[in-house]
Amino acid sequence: MHRMTQGATRRVLGIETSCDETSAAVVSGSPEEMTLESCVILSQDVHRLFGGVVPEIASRQHLVGIVPAVEAALREAGVTMDDCDAVAVTHAPGLVGALLVGTSFAKSFAFAHGKPLVPVHHLEGHLFATMLEQTDAAPPFTALLVSGGHTLLLDVPEWGHYALLGQTRDDAVGEAFDKVAKLLGLPYPGGRPIEELAATAASPAHGHPHRFARPMLRKSAQPGDDDYYDCSFSGLKTAVLHAVRNAERSGTLDAERASIARGFQDAVIETLVEKTVRAARQFRRTRVVLGGGVACNRALQDAMRAAMERRQGTVHAPTPRLATDNAAMIAAAGIFRLARGEFGAPDLTATASLPLPGLRRAG
Ligand code: KG4
Ligand code: ZN
């Protein structure tokens, strides 16, 4: 490991293959200010046929897509590897077989070009994504990471220091959207179809949408209580299942589908917004940064904005391209880790589950 001067400008090729997106991107700049030069995302639509990601198919598709993705990212940025200072790659967490394609490729590619290899934690990538579009999305902030695999509430006083406030006890938020979508007969991934369907339902003030209990949302909860920040979505999913069965029995599912979707989404959003605002309040943060695929949800963004505006705060959400898995966020986190001298791990391997570097459980 070598030291590099903080603030120096670097150009990094990022590679991401942790799930079902084969992605490569070029980002340049310093940890304080970065420019997105290119971002290529090959989404593996094949998994839609199976209603979920099939790990072996994902690995094989990464193998097919990785070289074209890297070539396209360099071409779009108008650079070659000679112009790049390092290769950053997601090494954890994710599907091991999928991660292995990216890490093996990145290791060989960096070695062949004589460039440092920077291992990046996928979730740290999600934290950096929004900053590529909005320079204000920098620490200190409260972060809500909501994807198909993760639901994390973090306090981020500075890059590299992450206090874990809460997480899900069972299903990740995106997973709950996907499972509820399946119950409602909607396609996979289910987040967007649920959001679109929910938007067609009558608002609680004008109709009778289903109202589901808010998971772990005790108004009297205090900081330090287990349920103050943690979430749980499997009970909500079961409540939706019962509502769907009842509607099927009475032959009214078609009429009730939108209302059920709306009731589910409202319960999720109210829970996430309340917990995030609690965190911003406790740590006196005025910025909230959203990340992960569920951050694409406009109703969630709007509700979070309304809640934070009441506290004179702001909400930064990435555009869909950078909210879902992409290599630009990996290159961005790579620039930060490179500046800290964290590169050149010849024994780098892929790891299915690993805590964020710099993570501590907030007391
Ligand atoms: O971050 P991501 O692309 O992949 C990982 O899981 O890492 O997140 C995918 C998840 C899926 O569960 C999908 O249903 C959800 O994000 N999602 C949404 C929306 N768009 C994608 N959930 C709610 N509303 C959306 N508009
Ligand atoms: Zn992700």
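Heavy-atom basis, side chains included; hydrogens, waters and symmetry copies ignored. Counting starts at 1 for both ligands and their atoms, in listed order. Residues: numbered from 1 along the sequence shown.
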| Is the count of non-hydrogen atoms from other residues, nucleotides or ligands lying under 6.0 Å from Glu33 atom CD greater than 12? | no
| field | Part of Asp178 within contact of ligand 1 (heavy atoms, under 4.0 Å) | value |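 Just the side chain.
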| message | Quick check: of its N, O or S atoms, which one does Asp325 have closest to the Zn ion (ligand 2)? | response | OD1
Under 4.0 Å from a heavy atom of [X]: which atoms of ligand 1 are those, numbered in the order shown and with their elements?
| X | value |
| --- | --- |
| Gly174 | 12 (O) |
| Gly148 | 5 (C), 6 (O), 8 (O), 9 (C), 10 (C), 12 (O) |
| Gly149 | 6 (O) |
| Gly190 | 14 (O) |

Distance to 0.1 Å, residue and atom name: give those for the protein heavy atom nearest to [atom].
| atom | result |
| --- | --- |
| atom 15 (C) of ligand 1 | Val294 CG2, 3.9 Å |
| atom 7 (O) of ligand 1 | Asp325 OD2, 3.3 Å |
| atom 26 (N) of ligand 1 | Glu195 OE1, 2.8 Å |
| atom 24 (N) of ligand 1 | Asn297 ND2, 3.0 Å |

| request: Could you label the plane-to-plane angle of the His126 and His122 rings as parallel, tilted or perpendicular, counting under 30° as parallel and over 60° as perpendicular? | output: perpendicular
Can you check whether [X] has an N/O within less than 3.5 Å of an N/O in ligand 1?
| X | answer |
| --- | --- |
| Thr324 | no |
| Glu21 | no |
| Gly293 | yes |

Salt bridge check: are [X] and [Y] linked by an N-O gap of less than 4.0 Å?
| X | Y | value |
| --- | --- | --- |
| Lys115 | Asp85 | no |
| Arg337 | Glu124 | yes |
| Lys179 | Asp171 | yes |
| Arg60 | Glu56 | yes |

| Between the Zn ion (ligand 2) and Cys19, is there an N, O or S atom separated by less than 2.8 Å? | no
| task | Look at the N, O or S atoms of His126, main chain and side chain alike, and state whether any lies under 2.8 Å from the Zn ion (ligand 2). | result | yes
| message | Under the salt bridge (charged side-chain N to carboxylate O under 4.0 Å, His left out) test against Asp227, which residue among Arg218, Lys275, Arg169, Arg214 passes? | response |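 Exactly one option meets the salt bridge (charged side-chain N to carboxylate O under 4.0 Å, His left out) with Asp227, and it is Arg218.
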| said: Whether the Asn326 and Ser23 side chains hold a donor-acceptor pair (N or O, under 3.5 Å, no angle test) is what I'd like checked. | reply: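 The criterion, which ignores hydrogens and geometry beyond distance, is not satisfied for Ser23 and Asn326.
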| message | I want to confirm something. Looking only at heavy atoms, which of Gly191, Pro320, Cys19 is nearest to atom 18 (C) of ligand 1? | response | Gly191
| Roughly how far apart are Cys231 SG and Leu217 CG, rounded to 0.5 Å? |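 Cys231 atom SG to Leu217 atom CG measures 9.0 Å (nearest 0.5 Å).
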| Approximate separation, where rounding is to 0.5 Å, of Phe128 CZ and Ile335 CD1 | 9.5 Å
